[in-house]
Amino acid sequence: MSLLEIELPDGTKKEVESGSTSYDIAASIGEGLARQSIAARFNDELIDINRPLETSGTLSLITQKSPEALDIMRHSCAHLMAQAVKELYGDDVQVTIGPAIKDGFYYDFYSETKKFVPEDFPVIEAKMAELAKADLPVTREVIGREEAIALFRSMGEAYKVELIEDLDAETVSLYRQGDFVDLCRGPHVPRTGVHKAFKLTSLAGAYWRGDETKAMLQRVYATAFLNKKDLKAHLERLEEAKKRDHRKLGRELDLFSFSEEAGGGLVLWHPKGAMLRTIIEDFERKEHLKRGYEIVVGPQILKTDLWKMSGHYENYRENMYFTEVDELSYGIKPMNCLAHMLIYKSKPRSYRNLPVRFFELGTVHRHEKSGVLHGLLRVRGFTQDDAHIICRPDQIDSEVKGVMQFVQDVAGIFGFEYTMELSTRPEKSIGSDADWDQATNALRSSLEGSGQEYDINEGDGAFYGPKIDVKLKDALDREWQCATIQCDFTLPERFDLTYTGSDGEKHRPVMLHRVIVGSIERFIGVLIEHYAGSFPLWLSPVQAIVLNVTDNQAEYAQEVFEQLRSAGVRVELDVRNEKLGFKIREAQVGKIPYMLVIGDREVSEKTVSPRFRDGSSLDAMSVDSFVDFVKTQCSEYK
RNA sequence: GCCCACAUAGCUCAGUCGGUAGAGCGCAUCCUUGGUAAGGAUGAGGUCACCAGUUCAAAUCUGGUUGUGGGCUCCA
């Protein structure tokens, strides 16, 4: 029996016999640590706590407090769920895969006969609890590839067989708990008793291996935490998030709706929602003009031949709407770039006048698959804050930096956290290596210059160039792409865009496609959830409401209302024959920032008494002072 | 587009075994004139998403369509 030297995170070294486990080492340090440990990291590999060690190396124990613990436990909990399902429904159900994901885990099952329904959840949960209570040991074994294939084939687990057949390895690892065995890399918790707080959450369909040509599996989503308290907190968080769902708030605040008669994914903007849009659009125009953009407007439909020339017909036709008049086919625009290029081409361009930055609040229509529509966040008709910057290659860097700064400024104004991704050259792409390098480096250096952390999506760029994507989170932590910056060498080529250089020769410009908020619709959806419907004063469709205490003040209330309205304050008037408390409540539920209360006191003193929606109030002031107050706040985007 | 579920009054939802519908909020009218989150009374509102089928009889059962929700694939 040889001795191994194991180094622990604090630098101490322990000599143990070969074949000792991490658990043994933990136990030698302290009983509590051994009890708390669910796995280990050995030479940077996550392993089971009971895995015998055969070489010297560094070891750190993963306890319930370690950041990795939750994922390992959830993955194990997926096995527990699969075990419960197999025990309940036996051979009717085949297992496939079941990983840990953000906030929980899932397991995909295949069955011809068993259709999972939510009513199964308590049954499955009860079985899981029973198996957890039995505190079954979870054991790992390594067997040969062929042996494993034979094993799973004999159990009728065709998907497991397919997985192993696609593996390169000569051996595979299996995990057993009770009668349940699963192909798995691990690591797993040592005993099923670790699982104390889990809950099945939803059912969904999912394609085998994410491929829409393959079988549809039944996915059971669940969540699990290390203790019941964390689970409860998580479920409460979900409830909170539901309250700020933009679809619910959109109806409650009377901002927008959808109509079956109009068609799915087509937004009907009500007066307050349209006001909110208008405010954002005005903001966009102002901010773009400040940064050297020129506003342009293109047509809604362009001849189909033009879409053929751009490549959209070939690559994007399924998402486009077409219309035919006088035997001429037109495509309704799904993007704004074509018109912008035609505007560029309308006259000769000199290197001296580049870059040009064409900005359009461009309304586009895309026939998104019916199943993907989602409130304002995924629609079929939407307006992009779209611009195309046509520049010389040597200007890419400074232009991208300018756009990045723009994104940062806007995110700052709205108080958004966001994540960024750089997508690089895909396998299927066009353009020279030099062009790609230049463009990718420009994007990268802008990202680094911004100080933002970013992920790299290797090979996920557009076929015509690399891109930066900016994602904002919704209330349920789902990420939505908003801003994007794309470098494009192709369309200038296809449309033969040129400029005359200092050498008098024709040169090819580069085009940057970019949006800052992406689509106004999506942005508003995320905004509603971000602010939970309580918009800052400058964005609020209704900034103030005038409330009289009794009919006696109705006339003065009307005067105040008209004065505010003509001063440009977005104001409403409520002189209904209702109690003040009732009107306050309604205004508060409507999330109107300021309620201007008018009683006999205000009438005699010619003032208003503003009450903020959080319940606090300002001293009575003149109408003019209130107007000034609103203007000042708005100019500071508050 | 695919899988599963759902669709009853403006909103949130009841409606048992198949016998053509209810509540609360909202809305209208009247009473009440009340100072910072819900005063009271009365009343009006529904081809039970749509189209077929089964049945003496369908909100209820079956099929299809449209839309919605949770996912998958795809995307701003």
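What you are looking at is a predicted structure, and each value in this text was computed from that prediction instead of being measured. Numbers restart at 1 for each chain; the letters A, B, ... are given by sequence-line order, proteins then strands.
- Taking atom P on both nucleotides, B:U29 is separated from B:G35 by 24 Å, rounded to a whole Å.
- For A:K369, the side-chain atoms get nearest to B:U73 when compared with the rest of B:A76, B:U73, B:U33.
- Both A:Q384 and A:V597 sit near RNA chain B, but only A:V597 has its closest nucleotide nearer the 5' end.
- Among the atoms of the strands shown, only primed sugar atoms or phosphate atoms (P, OP1, OP2) are found under 4.0 Å from some heavy atom of A:Q481.
- When distances run from any side-chain atom of A:I584 to the nucleotides B:G70, B:U36, B:A76, the shortest one goes to B:U36.
- Residue contacts shown for A:G599 include a base, since a base heavy atom lies under 4.0 Å away.
- Taking the six-membered ring where the residue is Trp, A:F109 and A:Y107 present parallel rings, their angle staying beneath 30° rather than reaching 60°.
- In this pair, A:Y159 and A:Y110 present their aromatic rings tilted. The plane angle is within the 30 to 60° band.
- Considering only the side chain of A:M216, B:G71 comes nearest among B:U33, B:G71, B:A76.
- A donor N or O paired with an acceptor N or O is not found under 3.5 Å between the base of B:U33 and the side-chain atoms of A:N552.
- B:A14 and B:C61 have their P atoms separated by 15 Å, with the value rounded to a whole Å.
- The pair A:E157-A:K86 meets the salt-bridge criterion, with a side-chain N (NZ, NE, NH1 or NH2) lying under 4.0 Å from an Asp/Glu carboxylate O.
- With B:A76, B:U33, B:G70 as the choices, the nucleotide that has an atom nearest any side-chain atom of A:Q486 turns out to be B:A76.
- The glycosidic torsion of B:G45 lies within 90° of 0, placing the base in the syn range.
- Figure legend: A:R585 and A:F582 shown without cation-pi pairing, the cationic atom not lying both under 6.0 angstrom from the six-membered ring centre and within 45 degrees of its axis.
- When rounded to the nearest whole Å, the span between NZ of A:K583 and C1' of B:G34 equals 10 Å.
- B:C27 and B:G46: their C1' atoms are spaced 15 Å apart (whole Å).
- Among B:U73, B:G35, B:G70, the nucleotide with an atom closest to any side-chain atom of A:E212 is B:U73.
- Within the nucleic acid shown, A:D600 comes within 4.0 Å of at least one base atom, counting heavy atoms only.
- Nucleotide B:U68 holds its C1' atom 11 Å from the CZ atom of A:F258, rounded to whole Å.
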Please list, pair by pair, any protein nitrogen or oxygen found under 3.5 Å from a nitrogen or oxygen in nucleotides 5-12 of chain B.
{"from": "B:C11", "atom 1": "O3'", "to": "A:R251", "atom 2": "NE", "distance (Å)": "3.4"}
{"from": "B:U12", "atom 1": "OP1", "to": "A:R251", "atom 2": "NH2", "distance (Å)": "3.0"}

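- The side-chain ring of A:F382 is stacked on the base of B:A76, judged by centre separation under 5.5 angstrom and plane angle under 30 degrees.
- Within the 4.5 Å cutoff, the side chain of A:V407 has no heavy atoms near those of the A:I468 side chain.
- Regarding A:F582, its CZ atom lies at a distance of 10 Å from the C1' atom of B:G39, rounded to whole Å.
- Remark: P of B:C3 and OH of A:Y110 are 13 Å apart, rounded to the nearest angstrom.
- Taking atom C1' on both B:U16 and B:U60, the two are 11 Å apart, rounded to the nearest angstrom.
- Between A:D469 and A:K467, at least one side-chain N (NZ, or NE/NH1/NH2) sits under 4.0 Å from a carboxylate O, which counts as a salt bridge.
- B:C2 and B:G45 are spaced 40 Å apart, taking the C1' atom of each and rounding to whole Å.
- Close to B:C4, at under 4.0 Å from its OP1 or OP2, lies no side-chain N or O of A:R219.
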Only distances under 3.5 Å count here; give the side-chain donor-acceptor pairs of residues 609-616 of chain A to other protein atoms, sequence neighbours excluded, each with its distance to 0.1 Å.
{"from": "A:S609", "atom 1": "OG", "to": "A:E602", "atom 2": "OE2", "distance (Å)": "2.6"}
{"from": "A:R611", "atom 1": "NH1", "to": "A:Q588", "atom 2": "OE1", "distance (Å)": "2.7"}
{"from": "A:R613", "atom 1": "NH1", "to": "A:F535", "atom 2": "O", "distance (Å)": "3.0"}
{"from": "A:R613", "atom 1": "NH1", "to": "A:K591", "atom 2": "O", "distance (Å)": "3.0"}
{"from": "A:R613", "atom 1": "NH2", "to": "A:F535", "atom 2": "O", "distance (Å)": "2.7"}
{"from": "A:D614", "atom 1": "OD1", "to": "A:S616", "atom 2": "N", "distance (Å)": "2.8"}
{"from": "A:D614", "atom 1": "OD1", "to": "A:S616", "atom 2": "OG", "distance (Å)": "2.7"}

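- In this structure, A:D245 pairs ionically with A:R247, as a charged nitrogen and a carboxylate oxygen lie closer than 4.0 Å.
- Checked against A:H288 for a ring-ring contact (aromatic ring centres under 6.0 Å, His included), the options A:F358, A:Y293, A:F283 give a single hit: A:Y293.
- For A:Q588 and B:G35, the CD to C1' distance is 16 Å, given to the nearest whole Å.
- Regarding contacts with the backbone of B:G70, a side-chain N or O of A:H374 is found under 4.0 angstrom from either OP1 or OP2.
- Within 4.0 Å (heavy atoms only), A:E602 reaches at least one base atom of the nucleic acid.
- Comparing atom distances between the A:T484 side chain and each of B:U73, B:G34, B:A76 picks out B:A76 as nearest.
- Nucleotides B:U66 and B:A52 place their C1' atoms 15 Å apart, quoted to the nearest Å.
- Atom CG in A:L377 sits about 14 Å away from atom P in B:U68, given to the nearest Å.
- Taking 4.0 Å as the cut-off between side-chain N and carboxylate O, A:E399 and A:R514 do not count as a salt-bridged pair.
- Contact annotation: the side chain of A:R74 approaches that of A:F225 to within less than 4.5 Å [non-hydrogen atoms, C-beta and beyond].
- The phosphate of B:C3 (OP1 or OP2) has no side-chain N or O of A:Y221 nearer than 4.0 angstrom.
- Between A:R378 and the phosphate of B:C74, there is no side-chain N or O to OP1/OP2 separation shorter than 4.0 Å.
- Atom pair A:D614:CG and B:A37:P shows a separation of 12 Å (rounding to whole Å applied).
- As rounded to the nearest Å, B:A7 and B:G15 have P atoms that lie 11 Å from one another.
- In summary, A:E586 and A:K583 do not engage in a salt bridge, as defined by a charged side-chain N under 4.0 Å from a carboxylate O.
- When distances are taken from the side chain of A:K579 to each of B:G35, B:G39, B:C75, the shortest belongs to B:G39.
- Ranking B:C75, B:C72, B:C4 by closeness to the A:Y207 side chain, first place goes to B:C72.
- Residue whose closest nucleotide on RNA chain B sits further toward the 5' end, between A:G263 and A:A483: A:G263.
- Among the heavy atoms of the strands lying under 4.0 Å from A:G371 is at least one base atom, whether or not backbone atoms are also near.
- Residue A:S370 has a polar side-chain atom (N or O) positioned under 4.0 Å from OP1 or OP2 of B:G1.
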Using Watson-Crick and G-U wobble pairs with both distances under 3.5 Å, what is the 5'-to-3' dot-bracket string of RNA chain B, with [ ] for crossing pairs and | for pairs outside the strand? (((((((..((((.....[..)))).(((((.......))))).....(((((..]....))))))))))))....
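- Between B:A57 and B:G1, the two P atoms lie 36 Å apart (nearest whole Å).
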In sequence, state the C-alpha distance, the side-chain angles, and the governing distance for A:Y321 and A:H367, and then conclude on ring-ring contact (aromatic ring centres under 6.0 Å, His included). CA-CA 7 Å; A:Y321 295 96; A:H367 186 82; 5.4 Å; yes
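- Comparing B:C74, B:G34, B:G70 by their nearest atom to the side chain of A:V372 picks out B:C74.
- Taking 4.0 angstrom as the limit, A:R576 places a side-chain polar atom (N or O) nearer than this to OP1 or OP2 of B:C27.
- Per the geometry, CZ belonging to A:R585 stands 16 Å off P belonging to B:U36, to the nearest Å.
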